[in-house]
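Heavy atoms only: backbone and side chains are in, while hydrogens, waters and symmetry mates are out. Letters A, B, ... mirror the listed sequences (proteins, then strands); counts begin at 1.
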2 protein chains.
Amino acid sequence: MSKVQQKTARRATIKDVARDAGVSVTTVSNVLNERTEAMTEETLRRIQETIRVLNYRPSSVARSLVNNSTATIGVIVAEIHTPLFLQALNTIEPLARSANYNILLSTARSHDDERQAVNLLLEKQVEGIIFLCTSAYVDDDYLLQLPSSAPPMALVNRATTQDRFNQIHLDNVGAMLAVIDYLVELGHRRIAHLYGPASRRSSDERLRGYRLGLKKHNLLYRENHTAPGDYLAPPKASEQSTLKLLNLSPRPTAIIAADDIVAAAAMRTIQRAGLKIPQDITVIGVDDHPFCTYLNPTLTTVQLPITQAGEQAVELLIAQMTGERATSVQKTLSCPLIVRESSGPPPSGSEE
Amino acid sequence: MSKVQQKTARRATIKDVARDAGVSVTTVSNVLNERTEAMTEETLRRIQETIRVLNYRPSSVARSLVNNSTATIGVIVAEIHTPLFLQALNTIEPLARSANYNILLSTARSHDDERQAVNLLLEKQVEGIIFLCTSAYVDDDYLLQLPSSAPPMALVNRATTQDRFNQIHLDNVGAMLAVIDYLVELGHRRIAHLYGPASRRSSDERLRGYRLGLKKHNLLYRENHTAPGDYLAPPKASEQSTLKLLNLSPRPTAIIAADDIVAAAAMRTIQRAGLKIPQDITVIGVDDHPFCTYLNPTLTTVQLPITQAGEQAVELLIAQMTGERATSVQKTLSCPLIVRESSGPPPSGSEE
DNA sequence: TTGAAAGCGGTACCAG
DNA sequence: CTGGTACCGCTTTCAA
């Protein structure tokens, strides 16, 4: 006779509200969508009261189905090694929400993960996808095979020849050029580079920028002024590389590390060898992690404008989703040099 | 006569597949849900082929509506000041996905943001909510007013008297006790503390642990051995506080900072005053940010097991969502001390 | 083995 | 001003 009480109450639906308020679902729907101009004060109040009493919340699932819009943006974070990319969520989410979009998050640790994540987001009918990528060299084929019904995408830091996608790149080459300009201006002539892992495009680009910068200032590129500085590997390797550079004679007066983590390892190695930064040797990183200001001395570094990239990704997507702009956009963000304490002029008498 | 071509093709629906394959939607649905045992090889193949050709993907929105399940977990990240909590997403998301749940992400910068985020997630019909909280003292009223139809929640690091919620706490008091045990064991007698912002429960708890630890070892709590170390404020303040401690006579032989960021500021101040860490003075932090290993010396610190907390939150929620467990669980995670280079015995002859 | 039809929770059109 | 109703894309009886 008596039905067993549900453990958790069933969600109230629009029908419940209509019934309890003694009106039709249409009228309730009108209230929900703020079409209340031509409505009796009394009816409106009664409906609102019923909504409150039933603790009714419209189902956005049902709404999505009928409106054919989920108001959701998918974000795939591939670069999980550096917290930097996750930090971008701190800008992306509020920005998206202020435009009434939600964020559906996926992480991708591998290429397969990535495909799976994209499929998932498509099934969930996200209206746009932001892809925060590693610069690993990968196969883009599956991106090209996406159906034409796929939502707009914004790729951050991913090389692809397809201008069908919005793309936001970081100017690694330009950044290294600027660093070398800065160092040469200070008087440095022997500038070393701890280069990143070969699997990453960014490593190549920075190395290229390094060589271009030297050339620009008529400095010789010397094989022995470069050594591996892989931030994915244990720090031991970077320390070894740094020692190798320190043992050169004459010693380099500046070291540009592949990234801040390697720069920190280099700093530690240099300090333990009894040398002072920047008096004896300058150290410069790349990334501008928050911890750069915690180091002693604070680290001069190239900032990767990830926050800015995230912002632009959201804006580009929203412009496309709202139909404000039809075509995709490719842009490259410049990476400013943030000068702190770890850089300065070379020691006097350091000329060969 | 000819309809204008849509810019982006309409998504294929189950009807399209049924029509093109010459079967009914039911049959297609059966294929989608792997009820293919009693099906003609031929039919199955034809349907699969049609799905491939049309690039059909079932709409999870429609599925959610009829199944009354979104397979989505909401995550609210309130502690945006420390990247630590965002990092938890790196465990939460894969874990959730492997159980076939997606992550809908919200950030909350304020109490209002928080409410808004919760409402949003409820409308989106998430099946569980993970709340990565700041330890700020806040008003929980709105949580208590959630309808009984609200999904299970897991609060990480949020004080509330409601055992209606799953709760995962961090044992700040125990952590400080362990630090003091460790320091006393090393021979320290004058142990200072840079305490965190008054707005945070964790600050109070750590201060309490500090006092309890001193008491336990019959050490006097001295007002002047404590000074503010607010990681939300500019580092200048923490540096001032550190200098104040260094100028005491006799000088403390160890400083426990409110967190790693303050510890870094303290280390820098100490080193610039010409003292050596840990030979002259020990420094210990709290949080175990990745950057602890980049400092020189590497920082001894108390680890906040955020990753573990995230894991447990997911597991607790899933157990409840699947009906495996009905009641909520409260637990406190212990915070292990990670000993690195910044701590050691006090300088000899440091006894009063 | 396959198909027809009801219904999930809303929206929107058209009547009255 | 309000109500009836078709429909969004899919699942799930129930029949054939």
- Pairwise 5' ranking along DNA chain C for A:R57 and B:M39, keeping only the more 5' one: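 The residue mapped nearer the 5' terminus is B:M39.
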- Where each residue is assigned the nucleotide of DNA chain C containing its nearest heavy atom, which of B:S24 and A:S60 is assigned the position nearer the 5′ end?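 Its nearest nucleotide lies further toward 5', so the answer is B:S24.
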- Item | Contact under 4.0 Å: B:R11 side-chain N or O vs D:dG9 OP1/OP2 |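 False: B:R11 side-chain N/O out of range (4.0 Å or more) of D:dG9 OP1/OP2.
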- Query: Could you give all pairs that pass the ring pair (Phe, Tyr, Trp, His ring centres under 6.0 Å) test and reach residues 90-123 of chain B, with sequence neighbours left out?
  - Reply: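 As it turns out, the ring pair (Phe, Tyr, Trp, His ring centres under 6.0 Å) pairs with a partner in residues 90-123 of chain B, which skip direct neighbours, are B:H111-B:Y142.
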Only counting residues at least two apart or in another chain, list the ones meeting side-chain contact (heavy atoms from CB on, under 4.5 Å) with [X].
{"X": "A:E324", "result": "A:A319, A:T322"}
{"X": "B:R19", "result": "B:D16"}
{"X": "A:N55", "result": "A:R57, B:P147"}
{"X": "B:E42", "result": "B:T40, B:R45, B:R46"}

- side chain to side chain donor-acceptor pair (under 3.5 Å) partners for A:D20, two or more places apart: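 Result, side chain to side chain donor-acceptor pair (under 3.5 Å) vs A:D20: none returned.
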What is the nucleic acid contact for [X], judged by heavy atoms within less than 4.0 Å: base, sugar-phosphate only, or nothing?
{"X": "B:V23", "value": "sugar-phosphate"}
{"X": "B:S64", "value": "nothing"}
{"X": "B:T43", "value": "sugar-phosphate"}

- Quick one: does B:N30's side chain have a donor or acceptor within less than 3.5 Å of a partner on B:T36's backbone?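 No: the side chain of B:N30 does not pair with the backbone of B:T36.
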- Can you tell me which residue pairs pass the salt bridge (charged side-chain N to carboxylate O under 4.0 Å, His left out) test with a partner in residues 152-168 of chain A, sequence neighbours excluded?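 Sorted pair list: A:E114-A:R158, A:D140-A:R158.
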- Between which nucleotides of DNA chain C, read 5' to 3', does contact with chain A run, using atoms under 4.0 Å from its heavy atoms?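 So the contact region on DNA chain C extends C:dC8 to C:dC13.
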Can you check the [X] [atom1] to [N] [atom2] distance for me, whole Å?
{"X": "A:R19", "N": "D:dT2", "atom1": "CZ", "atom2": "P", "value": "19 Å"}
{"X": "A:N68", "N": "D:dC8", "atom1": "CG", "atom2": "P", "value": "10 Å"}
{"X": "A:L65", "N": "D:dG9", "atom1": "CG", "atom2": "C1'", "value": "5 Å"}

Polar atom pairs between nucleotides 12-14 of chain D and protein, under 3.5 Å, N or O only, would you list them?
from	atom 1	to	atom 2	distance (Å)
D:dT12	OP2	B:R35	NH1	3.4
D:dT12	O4	B:T26	OG1	3.4

Listed pairs under 3.5 Å, donor-acceptor, residues 120-131 of chain B side chains, sequence neighbours left out:
from	atom 1	to	atom 2	distance (Å)
B:K124	NZ	A:T70	O	2.7
B:K124	NZ	A:T72	OG1	3.1
B:K124	NZ	A:N102	OD1	3.3
B:Q125	OE1	A:S59	OG	3.1
B:Q125	NE2	A:S59	OG	3.4
B:E127	OE2	B:T70	N	2.5
B:E127	OE2	B:A71	N	2.6

- Message: To check you understand the geometry: which heavy-atom pair defines the closest contact between B:A326 and B:Q320, and what is its length?
- Response: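 Heavy atoms only, the tightest pair is O-NE2, 3.4 Å.
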- Item | Which residues share a salt bridge (Lys or Arg N to Asp or Glu O under 4.0 Å) with A:E315, sequence neighbours left out |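 A:E315: no salt bridge (Lys or Arg N to Asp or Glu O under 4.0 Å) contacts found.
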- Please list, by residue number, the residues of residues 116-127 of chain A whose heavy atoms come closer than 4.0 Å to an atom of DNA chain C; answer none if no residue qualifies.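 Contacting residues: none.
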